[in-house]
Amino acid sequence: MIKQAKALTAAVLSAAMVLSPVAAGAQAPGSVRDLVGARAAGGEDQLEYRGFHRISGHTEDDSKINYWWNGNTKECVKAVTYDGRFQSLDKTTNADCNQKGGNGDKAAAIAVGAVALLGIAALASKSHHRGDRDYDERGTADFERGHRDGLYNQPYHNYSRSDAYSSGYDSGVRERANQTSYRGGNSYGGGYSAYVEFNDLQGRERDFATGQLSSRGFAQLDNKRTDTGRYMTYWRAASRQCLILNSRNGYVVSLESVSARTCRD
């Protein structure tokens, strides 16, 4: 019995090692390879022209991470923008674009199953959703369940009365709104958060928008001028909202909700 267990463990480890290059070998697919190094503003227009649409995004340190999905070619691309340019455009798993998995995702699922067989805690989906929150295994599971419920517009079902579930639900609702921001007029929030609306400030004069953000409880953290406009970061501690405002020629061209960690680091 012991020999069989050792053999199974060895096989599982081998499978995980063989499958790990699936993620590590990510590279720009031919359909977007020419856009690496391009200005993000024009590059995003090109992505849309080629059939991609943005699924979700967040900020890590000084870089912006966005996931783009092409329904025609079934490609999910992770775009990393730094200093206003596409630093990388890597093909990633369909799951990162909230799509049903292809062959690469099946391999990843097998690897996750291998880890579970070894008794290691199950991997959570997209840990950046949790921001700077540090949960134990139960809390992580509650957060992820809440995030999925909020993301897919399911009823708030916090049967365990867990703060982690509530935070996850709030995170999911916000991501759902980000993914459908093209509709305009979004108002969203979930869990216990006293969420403050800001989408009505899109396209307004910058001075008016910044004054409104201040009156709504946001504090300005920084104000940077780049070749692509002016970027301001705002934080509202009461609702854990972190916003990045981009303006050009005195008008707001984008006002995005990003991970609270961006404002806390």
*Asks:* With rounding to the nearest 0.5 angstrom, report the CZ to CG distance, Arg204 to Leu255.
*Replies:*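 So the CZ of Arg204 and the CG of Leu255 are separated by 12.5 Å.
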*Asks:* Ignoring hydrogens and angles, tell me if any N or O in the side chain of Ser214 forms a donor-acceptor pair with the backbone of Gly211 under 3.5 Å.
*Replies:*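 Judged by distance alone, no pair lies under 3.5 Å.
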*Asks:* If you define the side chain from C-beta out and look only at heavy atoms, does anything of Asp96 sit under 4.5 Å from Lys78?
*Replies:*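 No, too far: nothing below the 4.5 Å cut-off.
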*Asks:* So Tyr169 and Arg145, side chain to side chain contact (heavy atoms under 4.5 Å, CB included) or not? Walk me through it.
*Replies:* CA-CA 8 Å; Tyr169 193 88; Arg145 183 172 62 83; over 6 Å; no
*Asks:* Under 3.5 Å, side-chain donor or acceptor atoms of residues 35-49 against the rest of the protein: list the pairs with distances, not counting sequence neighbours.
*Replies:*
from, atom 1, to, atom 2, distance (Å)
Arg39, NH2, Asp227, OD2, 3.3
Gln46, OE1, Arg50, NE, 3.1
Gln46, OE1, Arg50, NH2, 3.1

*Asks:* Mind checking whether His58 and Tyr67 have parallel, tilted or perpendicular rings, split at 30° and 60°?
*Replies:*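 Parallel, since the angle between the ring planes stays under 30°.
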*Asks:* Indicate whether the side chain of Glu75 and that of Ser31 have a donor and an acceptor atom separated by less than 3.5 Å.
*Replies:*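 On atom types as modelled, these side chains qualify, holding a pair under 3.5 Å.
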*Asks:* Please check: side-chain N/O of Thr226 versus main-chain N/O of Gly229, any donor-acceptor pairing under 3.5 Å?
*Replies:*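 Checked: pair present.
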*Asks:* Linking Ile, Leu, Val, Met, Phe, Trp and Tyr by side-chain heavy atoms under 4.5 Å, what else ends up with Trp235?
*Replies:*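 Members alongside Trp235: Leu221.
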*Asks:* For the residue pair Val80 and Ser63, what are the closest heavy atoms and their distance?
*Replies:*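 Result for this residue pair: CG1-CB, 4.0 Å.
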*Asks:* Step by step, work out the side chain to side chain contact (heavy atoms under 4.5 Å, CB included) result for Thr210 and Tyr234.
*Replies:* CA-CA 9 Å; Thr210 57; Tyr234 284 86; 3.1 Å; yes
*Asks:* Can you give the donor-acceptor pairs under 3.5 Å from side chains of residues 245-253 to other protein atoms, not counting sequence neighbours?
*Replies:*
from, atom 1, to, atom 2, distance (Å)
Asn246, ND2, Arg230, O, 3.3
Ser247, OG, Arg206, NH1, 3.2
Arg248, NE, Thr228, O, 2.9

*Asks:* Between Ser215 (side chain only) and Gln212 (backbone N and O only), is there a donor and an acceptor less than 3.5 Å apart?
*Replies:*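 Yes, because the side chain of Ser215 sits within donor-acceptor range (under 3.5 Å) of the backbone of Gln212.
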